[in-house]
Amino acid sequence: MAATSQQPTIVPGFTGKAYPDVFNVNAMRIQPQELKQGQLPESMIRQFFEDGYVIVKDFFTRAELDTCRNAVNQQVENLAQKLYGAGKIKNLYSEYGFFDRLTKLEEEFPGTNIILHKGDGLPEAFRNLWTNERLLNVVEQLIGPDIAGHPVWNLRTKTPQNEATTVPWHQDSAYLDTESYHVLQPTAWIPLLDAHEQNGCMQVIHKGHKKGIVGNHQCCHGGTWYVMLDEEEMQRTLDADIPSDIRTCPVPYGGMLLLNNVIPHRSLPNMTNQIRWSLDLRFQNPTLPYGFYGMKKGVIFRKSNDPDYQIPWQDFLNVDRRAKQRQAVKDLMENATDEEFSTTLEGPWMRKWEIVHTNQHTKRAEMEDSLWDECKA
């Protein structure tokens, strides 16, 4: 059996190494006296470094986010047509819209929201939001004038009361390779409607980043692919005071939650009857390691020494990190079929942590491991 893809090298997730000066107020840059369009007051930038996160209200215009909603509707339409054409569903549910169509598709073909989440298509509306001039001006306050987009971004398909869309406590670097442990990678979490406690908004551990350590996670949460960070581990390793350090972060439509890559956070269950859509978009200095196992590089958005720089979107779009993972599976598995509609999601982060819950996702990852071993033998 021959494989045409290379398995990424995985280093155990817990290192115990601390990088507090990367994430705390010591890393705060000197703020400009004259702010560029969209830039935040120094007090909010200071809060980002001191607390590990900050809520920014009324940042995006309704038009900027409405175009993203339209792009989501098109992605749902495309997936519905694929499912219908393949005989997976008997109804397109075209009479439903942004807040409930995916839920109806999920009812007929369980795991539809996972398939959409796995999709790596980056619509123009998402690209425009990611490189929004005002947003990049804020990111410049955090990491400087040279800015790259991290290869790991996500459209969150939070259908009501669905385990696959309820993310447990974790630090973002737990999903990345260990190079990310000493690199500040800000995330802009942007809900595409008001995010409140009932529809599954975010919670963070206040100042949970202060030691600059990635705690010892486990894999995987329930029947999902999510790694998890136990509250006792957060108390022991991160000096968190549970539950008094838990903060709920409602974000209004047009706002965003900025957080770093080592602040522990989770999403609450969606207890409403509407889908809570959101985007998480990541950034970092382009001269630093990208932090995703060498499978895909980021895309440089700004170069301080080149005012006429043009973003090489096509180079970035030509590499689909999830397709590479799927192709690696096909290369290894002689009978791999129907991958397009697979509702399992496996990735290299699973190999970093102790597997304490076995499910379809971890079994798939373990099967890949054994096949890689056969190939090497």
Side-chain angles (χ1 to χ4, degrees), residues 8-30 45-54 138-154 169-189 204-219 227-229 233-234 236-240 257-265 280-304 321 347-354:
T9 300
I10 309 299
V11 176
F14 184 70
T15 67
K17 295 180 180 179
Y19 305 96
D21 290 343
V22 173
F23 304 100
N24 286 290
V25 72
N26 290 341
M28 182 174 167
R29 304 176 63 84
I30 297 175
I45 300 300
R46 182 171 293 275
Q47 182 185 347
F48 173 86
F49 284 98
E50 288 184 340
D51 297 344
Y53 65 98
V54 64
V138 172
V139 174
E140 180 177 329
Q141 292 180 280
L142 304 177
I143 64 174
D146 296 292
I147 301 170
H150 193 277
V152 179
W153 67 275
N154 289 294
W169 288 120
H170 69 284
Q171 296 163 284
D172 281 346
S173 282
Y175 287 93
L176 309 175
D177 62 46
T178 54
E179 289 181 324
S180 71
Y181 292 11
H182 55 86
V183 177
L184 174 59
Q185 296 170 329
T187 294
W189 182 76
V204 302
I205 299 298
H206 185 68
K207 297 184 184 295
H209 71 302
K210 60 190 175 185
K211 293 183 69 175
I213 295 177
V214 176
N216 195 10
H217 291 62
Q218 295 175 317
C219 184
V227 298
M228 52 190 176
L229 185 59
E233 169 67 10
M234 288 193 284
R236 178 172 55 251
T237 305
L238 308 181
D239 291 344
L257 173 66
L258 289 176
L259 65 164
N260 68 40
N261 45 305
V262 297
I263 186 81
H265 58 285
D280 44 70
L281 307 174
R282 295 184 175 85
F283 309 85
Q284 71 175 53
N285 186 303
T287 65
L288 298 173
Y290 286 98
F292 198 68
Y293 310 97
M295 297 182 69
K296 182 172 181 175
K297 290 184 178 181
V299 55
I300 298 177
F301 292 156
R302 277 186 180 176
K303 290 184 175 182
S304 59
R321 62 184 168 89
W349 64 86
M350 291 181 176
R351 301 177 183 95
K352 288 177 59 176
W353 307 106
E354 178 188 8

*What are the two closest heavy atoms between A174 and W353, and how far apart are they?*
O-NE1, 3.0 Å
*So, do V262 and V22 sit near enough that their side-chain heavy atoms are less than 4.5 Å apart?*
no
_How long is the straight-line distance from CG of D51 back to CG of L258, given to the nearest 0.5 Å?_
12.5 Å
*What distance separates D239 CG from M234 CE, expressed to the nearest 0.5 Å?*
12.5 Å
*Which value, rounded to the nearest 0.5 Å, describes the distance between T15 atom OG1 and Y181 atom OH?*
6.0 Å
*Shortest non-hydrogen contact from S180 toward F23*: O-CZ, 4.5 Å
*Are side-chain heavy atoms of L176 and Q185 found at a separation under 4.5 Å?*
yes
_Nearest 0.5 Å, please: how far is CD1 in I147 from CZ in F301?_
9.0 Å
*asked:* Which residues pass the ring pair (Phe, Tyr, Trp, His ring centres under 6.0 Å) test with H182, not counting sequence neighbours?
replied: Y19
*So, for Y175 and H170, is the gap between ring centers shorter than 6.0 Å?*
yes
_Please check: side-chain N/O of N285 versus main-chain N/O of T287, any donor-acceptor pairing under 3.5 Å?_
yes
*What residues, two or more places apart in sequence or in another chain, satisfy salt bridge (Lys or Arg N to Asp or Glu O under 4.0 Å) together with E354?*
none
*Starting at CG of L142, measure out to CD of Q284 and round the result to the nearest 0.5 Å.*
13.0 Å
_Derivation and outcome, side-chain contact (heavy atoms from CB on, under 4.5 Å), residues W169 and I205_ = CA-CA 9 Å; W169 288 120; I205 299 298; 3.5 Å; yes
_Under the rule for ring pair (Phe, Tyr, Trp, His ring centres under 6.0 Å), what residues qualify as partners of H209, not counting sequence neighbours?_
none
*Would you indicate whether the side-chain heavy atoms of D172 and H265 approach each other to under 4.5 Å?*
yes
Scan the side chains in residues 210-219 for donor-acceptor partners under 3.5 Å anywhere in the protein, sequence neighbours excluded, and list what turns up.
unit_1, atom_1, unit_2, atom_2, d
K211, NZ, T237, O, 3.1
H217, ND1, G215, O, 2.9
H217, NE2, Q171, N, 3.1

*asked:* Restricting to side-chain contact (heavy atoms from CB on, under 4.5 Å), what partner residues turn up for R236, sequence neighbours left out?
replied: E232, E233
*Nearest heavy-atom pair of P186 and F48: which atoms, and what distance?*
CB-CZ, 4.2 Å
*Pairwise side-chain contact, L184 with F49, heavy-atom cut-off 4.5 Å (strictly under)*: yes
*According to the salt bridge (Lys or Arg N to Asp or Glu O under 4.0 Å) rule, which pairs have a member within residues 139-152, sequence neighbours left out?*
K36-E140, E140-R302
*Would you check, one step at a time, whether the test side-chain contact (heavy atoms from CB on, under 4.5 Å) holds for R29 with Q141?*
CA-CA 7 Å; R29 304 176 63 84; Q141 292 180 280; over 6 Å; no
*Approximate separation, where rounding is to 0.5 Å, of Y293 OH and E179 CD*: 10.5 Å
_Does any part of the side chain of Y53, heavy atoms only, come nearer than 4.5 Å to the side chain of H206, both counted from C-beta?_
yes
*So which of T178, N261, N260 actually passes side-chain hydrogen bond (donor to acceptor under 3.5 Å, both in side chains) with S173?*
N261
